[in-house]
Amino acid sequence: MLGMKKGMSNKEVADLLEMVAAAFEIKDEDFFRVRAYKNAAASIEHLSSQLKDVWDADKLEEIPGVGPSLAQHLDELIRTGRVKHFEQEVKGLPLGMFELMKLEGVGAKTAYKLASEFDLKDEKTAIDKLRKQVLAGKIKKLQGFGEKTEDELLKAIGSVQSGSDRLLLPEVEAIAEEVVEYLRSSGLCEKIEVLGSFRRRVATVGDIDLAVMTDKPTELMEYLLKFKGIKKVLSTGSKTTMFIHSSGRQVDVKTQSKDRWGSMLQHYTGSKLHNIHLRKLALEKKMSLSEHGIKKGGKLFKYAGENEFYEALGLKYIPPELREDSGEIEASIKGRLPDLVELKDIKGDLHMHTNIEIETSHDMGASSVSELLNMAESLGYEYIGLSDHNPKMKGLSEVARIKVVKKRNEAIDKEIASSESSVKIFKGMEVDIRPDGRLAVSDEVLGLLDYAVVSIHASFRQSKEEATERVLRAFDHPRVKIFGHPTGRMLNKREGLDYDWERVFEECRRKRIAVEINSSPERLDLPDMLVRQAVKTGVLLVINTDAHEASSMKGMRYGVGVARRGWAEASNIINTWPYKRVEKWIES
DNA sequence: GCCGTTTTCGGCCCGACTGTTTTCAGTCG
Ligand SMILES: Nc1nc2c(ncn2[C@H]2C[C@H](O)[C@@H](COP(=O)(O)OP(=O)(O)OP(=O)(O)O)O2)c(=O)[nH]1
Ligand SMILES: [Mg+2]
Ligand SMILES: [Mg+2]
Ligand SMILES: [Zn+2]
């Protein structure tokens, strides 16, 4: 009933702690004890490893926000699947309240009042039953509730669940562009930036956070409220307006003056945990931080630039992609921040698909070799690698497959001969790793190529052990140089595979196989946290677009964002290398 | 309940907006 079971994910444990925190809140338990539980929940949710593994290593108390008491409870949870003390705290509460807390504007206290009043004991029916009470006009009769709260509740019930998925980066760009264009048309904005998780280049984004530099905040917000793209205003004031966009997505707009812009950029980029860590650090130095600046002895100091803001705290500027409270503040203090890879360091793209017909196993590309070359030229690249899918297995004999691959090589050679481009081409192929780890083409076919990208496109239900054996077998073939979109995840759709990453990375390092960071916004695979682990291991990485048409090659920036979130420097990324060095690596 | 290159006690990130409040609690970012 409390969602306690063996093998809980970090998120599930975090939810459980949030539940206990809510129980404390209702009982007017000490505010800071409630906060301690919430802090621990956030900390566990953002852990870069499985809680179970931390427990195995006997390091629960090393998790920030977890002390002796919580460590003991978590130990009990992991060993037995339940925590007596937690059950005690939650016992007697109407369980429907935890469902009601998912409603906009409903927190622990409100949820408890409603669930108690209407006897909502069942999580599954709680919201439905509440709707009936609202429609019957029962809410406004309750102590502390009024007409408006009743209206708001009904709206909140109506919009629950609608669009629970998080946004992909191009979706954010599209919505942000529309709102930004409208705001600009006011003539009141000196500058507009998309901040929050988008600026940190998180793989998926919860809402669109916009900051506007203006000296007329009230007029600007009045103007914003007339925007046709607003479905529903959540709240509005001169400093903050939050609304639901016609796409169903939440947009938060904040205003700030030019002289305080730096502190706004810092605050509103987050992450929340980064901000809180920074603010605690400041308190030790008798400073108080906010989006308005730094208070020292009651006096407010203003910062127009973000750089100066960090420097005022004795820190080196921290790139947004690192701001997750995962060691970046400590690194900044010590002056040990990485020199992150940048888009301009990229000299080529080694995973893309052409329109050459070779009866591929998956989608072929839409662009010709010369179109791809032109795009590469305009992006300033030195080289590209063509990696069409392998010829399909069914209905083609080995002899026929060899023939079709030779024909493709000839077609590419012809394109090279007739091209005036200085961009060099590697002849590659994206080869399926079959469920048992065999490749979809023979070693003889591989021998016809400069390199192979090996990747998984089916059978995603394997255990960690099976999946690990599967890919390790795949690496054991000639010309295998890149492990493409390693987990196979599809954001919001499919989890992807989990491996014994230590073994996989070690094998890639030994064989000098580059692990791909696939830039396709629905993949962003290798995920950022694993990039960080790969960087620590010293594995080669490559950032590719997997373009199926020339214009998609412009998506390299998404992959660079992932690499940066993984603390990668240019030296970790092989396609920052010049052509000659890549050629040598491919031939090795 | 957590935490400590000034503390093992006494603090805990900080601010914006809303509704029903007779002075501020609740919720959210
Ligand atoms: N100091 C502080 N800042 C916060 C807090 N909550 C949010 N912020 C700041 C940092 C966040 O990155 C920024 C935007 O808030 P969001 O809730 O939109 O979070 P964010 O964009 O990081 O993630 P998201 O993808 O939207 O879930 O506001 C908070 O409790 N304290
Ligand atoms: Mg956000
Ligand atoms: Mg937001
Ligand atoms: Zn591909």
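Quick note on labels: first sequence line is chain A, next is B, and so on, each numbered from 1.
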Pairs where residues 235-265 of chain A contributes a residue and the test ring-ring contact (aromatic ring centres under 6.0 Å, His included) is met, not counting sequence neighbours: none

Within residues 256-264 of chain A, residues whose heavy atoms come under 4.0 Å of DNA chain B: none

Within residues 102-125 of chain A or reaching into it, pairs that qualify as ring-ring contact (aromatic ring centres under 6.0 Å, His included) - sequence neighbours excluded: none

Sequence-distant partners of A/K148, side chain to side chain contact (heavy atoms under 4.5 Å, CB included), two or more places apart: none

A/L142 vs A/K113 side-chain heavy atoms within contact, under 4.5 Å: no

Under 3.5 Å between N/O atoms: give me all the protein pairs with nucleotides 3-12 of chain B, atom names plus distance.
unit_1: B/dC3; atom_1: OP1; unit_2: A/G65; atom_2: N; d: 2.7

Value in whole Å for how far the C1' atom of B/dC14 lies from CD1 of A/I276: 9 Å

Under the side-chain hydrogen bond (donor to acceptor under 3.5 Å, both in side chains) test, residues paired with A/Q250 that sit two or more places apart: A/D252

By side chain to side chain contact (heavy atoms under 4.5 Å, CB included) - contacts of A/E61 (at least two apart): A/P68, A/A71

Length of the line joining A/F31:CZ and B/dC2:P, which is rounded to integer Å: 17 Å

Rounded distance in Å - CZ (A/F145) to P (B/dG19): 14 Å

Pairs flagged by ring-ring contact (aromatic ring centres under 6.0 Å, His included) wherever residues 53-81 of chain A is involved - sequence neighbours left out: A/H73-A/H85, A/H73-A/F86

Nucleotide B/dT20, atom P - distance to NZ of A/K140 in whole Å: 11 Å

Nearest-angstrom distance from the residue atom NZ of A/K295 to P of B/dC14: 9 Å

Please report, to 0.1 Å, the donor-acceptor pairs under 3.5 Å made by any side chain of residues 300-314 of chain A, with sequence neighbours excluded.
unit_1: A/E306; atom_1: OE1; unit_2: A/R199; atom_2: NH1; d: 3.4
unit_1: A/E306; atom_1: OE1; unit_2: A/R199; atom_2: NH2; d: 2.9
unit_1: A/E306; atom_1: OE2; unit_2: A/R199; atom_2: NH1; d: 3.0
unit_1: A/E306; atom_1: OE2; unit_2: A/R323; atom_2: NH1; d: 2.7
unit_1: A/E306; atom_1: OE2; unit_2: A/R323; atom_2: NH2; d: 3.1
unit_1: A/E308; atom_1: OE2; unit_2: A/G305; atom_2: N; d: 3.1
unit_1: A/Y310; atom_1: OH; unit_2: A/Q266; atom_2: NE2; d: 3.2
unit_1: A/Y310; atom_1: OH; unit_2: A/H274; atom_2: NE2; d: 2.8
unit_1: A/Y310; atom_1: OH; unit_2: A/R323; atom_2: NE; d: 3.3

Nearest-nucleotide 5' precedence on DNA chain B, A/G146 against A/M221: A/M221

Nucleic acid footprint by protein, nucleotides 21-29 of chain B - heavy-atom cut-off 4.0 Å, B for base, S for sugar-phosphate alone: S----SSSS

Ring pair (Phe, Tyr, Trp, His ring centres under 6.0 Å) partners of A/Y223, counting only residues at least two apart: A/Y182

Identified pairing partner of B/dT8, criterion: Watson-Crick or G-U wobble below 3.5 Å: none

Salt bridge A/R201-A/E321, side-chain N to carboxylate O under 4.0 Å: no

Base orientation of B/dT21, syn vs anti, 90° cut from 0: anti

Sugar-phosphate, base or nothing in reach of A/L289, heavy atoms under 4.0 Å: sugar-phosphate

Could you pull out every donor-acceptor pair under 3.5 Å between side chains of residues 98-109 of chain A and any protein atom, sequence neighbours left out?
unit_1: A/E99; atom_1: OE1; unit_2: A/K102; atom_2: NZ; d: 3.2
unit_1: A/E99; atom_1: OE2; unit_2: A/K102; atom_2: NZ; d: 3.2
unit_1: A/K109; atom_1: NZ; unit_2: A/D28; atom_2: OD1; d: 3.2

C1'-based separation of B/dG11 from B/dA16 [nearest Å]: 25 Å

Residue-phosphate contact under 4.0 Å: A/T149 side-chain N/O, B/dT18 OP1/OP2: no

Interatomic distance at C1', B/dT8 relative to B/dC3, whole Å: 9 Å

Rounded P spacing from B/dG26 to B/dT21 in Å: 13 Å

Residue whose closest nucleotide on DNA chain B lies nearer the 5' end, A/K148 versus A/N39: A/N39

Short side-chain donor-acceptor distance under 3.5 Å, A/S332 and A/K316: no

Atom-pair distance (CG on A/D151; C1' on B/dT20), nearest Å: 15 Å

A/L70 side-chain proximity, nearest of B/dC2, B/dG19, B/dC17: B/dC2

Touch class at under 4.0 angstrom, heavy-atom based, for A/H292 against every strand present: sugar-phosphate

d(CG, A/N275; C1', B/dA16) in whole Å: 15 Å

Value in whole Å for how far the P atom of B/dC17 lies from NZ of A/K239: 6 Å

